[in-house]
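Bear in mind the structure is a predicted one, so any value in this text is a computation, not a measurement. Within every chain, numbering begins at 1; the chains are lettered A, B, ... in the order of the sequence lines, protein sequences first and strands thereafter.
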Protein chains: 2
Amino acid sequence: MSIVSKSEKPIRVLIAEDQTMLRGALAALLDLERDIAVVAQAANGREALRLASEFAPDIVITDIEMPERSGLELASDLKSGNGKARVIILTTFARPGYLRRALDAGACGYLLKERPVSELAEAVRRVHAGLRVIDPTLAADAWNAGEDPLSDRERQILNRAGEGHSSAEIAAHLRLSEGTVRNYLSDAINKLGATNRIDAARIARSRGWL
Amino acid sequence: MSIVSKSEKPIRVLIAEDQTMLRGALAALLDLERDIAVVAQAANGREALRLASEFAPDIVITDIEMPERSGLELASDLKSGNGKARVIILTTFARPGYLRRALDAGACGYLLKERPVSELAEAVRRVHAGLRVIDPTLAADAWNAGEDPLSDRERQILNRAGEGHSSAEIAAHLRLSEGTVRNYLSDAINKLGATNRIDAARIARSRGWL
DNA sequence: GCGTTTTCATGACATTTGTCATGAGTAATG
DNA sequence: CATTACTCATGACAAATGTCATGAAAACGC
């Protein structure tokens, strides 16, 4: 089907993934493919951005949850940069909110770590050929799941609350009154149909809104 | 160094890991090693146990957090069974509590997914040769970290609290008075040096006690 | 510019959560 | 059998959390 012959120059790939063992294993396997060459590896988003401008890969495969800079932020950075790299998100999480944000950030692929390795190589080829590759399970979910109902402030506060910080601590950190913080949490709890702040944080996380 | 020549029969390995992509990648890479053969793969603890008795592997490499039956439970099962398989735990978590429980369950190796792939093959060889392989970072930590100070009830209640259940809900579910639940939580918070129930749950989890 | 909506803020009040003292029953340990 | 640790319970109080009514300020469409 593909117009480009496999004896042409290989597809240049960069892998960003914080878990060393998975990163190394995927790089080794992809590199065994005749038409793919792994030109660089990064353990976090910041490093990935630097290496992308240095090596000018065709495809960037990236995890979402990484230190320094997330895969979603990396995708945004690459879109607004001057490179030509297309981004494939590779993550554990089947969260509609993540997929939506990934597409907003210009990603061309969204693949789950639940899938067999073989699909990764195939996704690289498809995306390089100009197609989009979205995990079929999620493509359906993403729309009926609806928008994130939380405002920026609510998200920010809920996130801290979910980590065990008290209202007073959060208020001090954001220079708000304690009552205000409690109101935001109350709103968030209400919007999410939760029973308390912890429950709300759990729900929001499970949908990829935090 | 090794007395056993590499031209002998290969070391038979079973891999138990719920993330398909990682499992497949590791299996493929290990299988490339001349002296190692991956004879079976499992996506959860129960399946791993079944396959272990069917294929009689020399080494079982297993993740900890898996559905059905955890890697720690699997290690126990294998020890009390009649197989000869030695267990290597392969996990994301550098938690002293996990290491301790792994050793109690008879594991011969504890390796982190933070380490390069090459160490996994090497660990397989060492453990097969009768040695123990413990991640050096953890070996030190494990002892000064101390025992889990929580009682069974405290653990049970703290776990639910950490999921966002209210004292009243927990009390109803366990048929206790609400005050009692609050007392257990207060104890747990105190023992762990936390500031509230969420913080306590977070701390306990981070040490592998929940 | 004017209404409308959204976001952000405050204080008052009710409820839930955390602490402490106290005590009874039970199981395990030496 | 004395000691120790764990479990469960009360009640009283302090502190944190959740709810509600209310209003200021910015953003948007018309």
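A salt bridge links B:Glu17 with B:Lys113: the distance from a Lys NZ or Arg NE/NH1/NH2 to an Asp or Glu carboxylate oxygen falls below 4.0 Å. Taking the charged nitrogens against the carboxylate oxygens, B:Arg160 and B:Glu163 have no contact shorter than 4.0 Å, which rules out a salt bridge. Note on A:Asp152 versus A:Arg155: salt bridge recorded, some NZ/NE/NH1/NH2 to OD/OE distance being below 4.0 Å.
Taken residue by residue, residues 155-164 of chain B places no heavy atom nearer than 4.0 Å to DNA chain C.
Taking B:Ser151 as the reference, B:Arg153, B:Glu154 meet the side chain to side chain contact (heavy atoms under 4.5 Å, CB included) condition, with sequence neighbours excluded. Remark: B:Ser167 pairs with B:Arg197 by the side-chain hydrogen bond (donor to acceptor under 3.5 Å, both in side chains) rule, at least two apart or across chains. Residues satisfying the salt bridge (Lys or Arg N to Asp or Glu O under 4.0 Å) criterion with B:Asp187, sequence neighbours excluded, are absent altogether. Considering only residues two or more places apart in sequence or on other chains, B:Arg202 meets the side-chain hydrogen bond (donor to acceptor under 3.5 Å, both in side chains) condition with B:Asp199. Residues satisfying the side-chain hydrogen bond (donor to acceptor under 3.5 Å, both in side chains) test with A:Asn159, not counting sequence neighbours, are A:Arg205. Among residues two or more places apart in sequence or in another chain, the salt bridge (Lys or Arg N to Asp or Glu O under 4.0 Å) test is passed with B:Glu65 by B:Arg95. Considering only residues two or more places apart in sequence or on other chains, B:Ser166 meets the side chain to side chain contact (heavy atoms under 4.5 Å, CB included) condition with B:Ala168, B:Glu169.
In this structure, A:Asn196 reaches the sugar-phosphate backbone alone: every heavy-atom distance under 4.0 Å involves primed, P, OP1 or OP2 atoms, never a base.
Taking atom CD of A:Glu178 as the reference point, atom C1' of D:dT19 lies 15 Å away to the nearest angstrom. Taking atom CZ of residue B:Arg197 and atom C1' of nucleotide C:dT19, one finds them 13 Å apart after rounding to whole Å. A:Ile198 places its CD1 atom 11 Å from the C1' atom of C:dT16, with the value rounded to the nearest Å. Here D:dT19 presents its C1' atom at 9 Å from CG of A:Asn190, a figure rounded to the nearest Å. In this structure, NE2 of B:His165 is placed 17 Å from P of C:dT16, rounded to the nearest angstrom. In this structure, the CG atom of A:Leu174 is 13 Å from the C1' atom of C:dA9, given to the nearest Å.
Atoms CG and CG, from B:Leu112 and B:Leu120 in turn, are 12.0 Å apart once rounded to the nearest 0.5 Å.
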Side-chain donor/acceptor pairs under 3.5 Å, residues 48-64 of chain B, sequence neighbours excluded:
unit_1	atom_1	unit_2	atom_2	d
B:Ser53	OG	B:Arg50	O	3.0
B:Asp58	OD2	B:Arg12	N	2.8

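The side-chain heavy atoms of A:Gln19 and B:Glu114, taken from C-beta on, include a pair separated by under 4.5 Å.
At its two ends the helix from C:dG1-D:dC30 to C:dG30-D:dC1 runs along axes set 50° apart, each axis drawn from five pairs and the angle rounded to 10°.
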Could I get a table of every N or O pair under 3.5 Å where one atom is in the protein and the other is in nucleotides 28-30 of chain C?
none

Where along nucleotides 4-12 of chain D does protein come under 4.0 Å, by heavy atom, of base (B) or sugar-phosphate alone (S), with - for untouched nucleotides? ---SBBB-B
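Side-chain nitrogen and oxygen atoms of A:Ser186 include at least one within less than 4.0 Å of the OP1 or OP2 phosphate oxygen of D:dT19.
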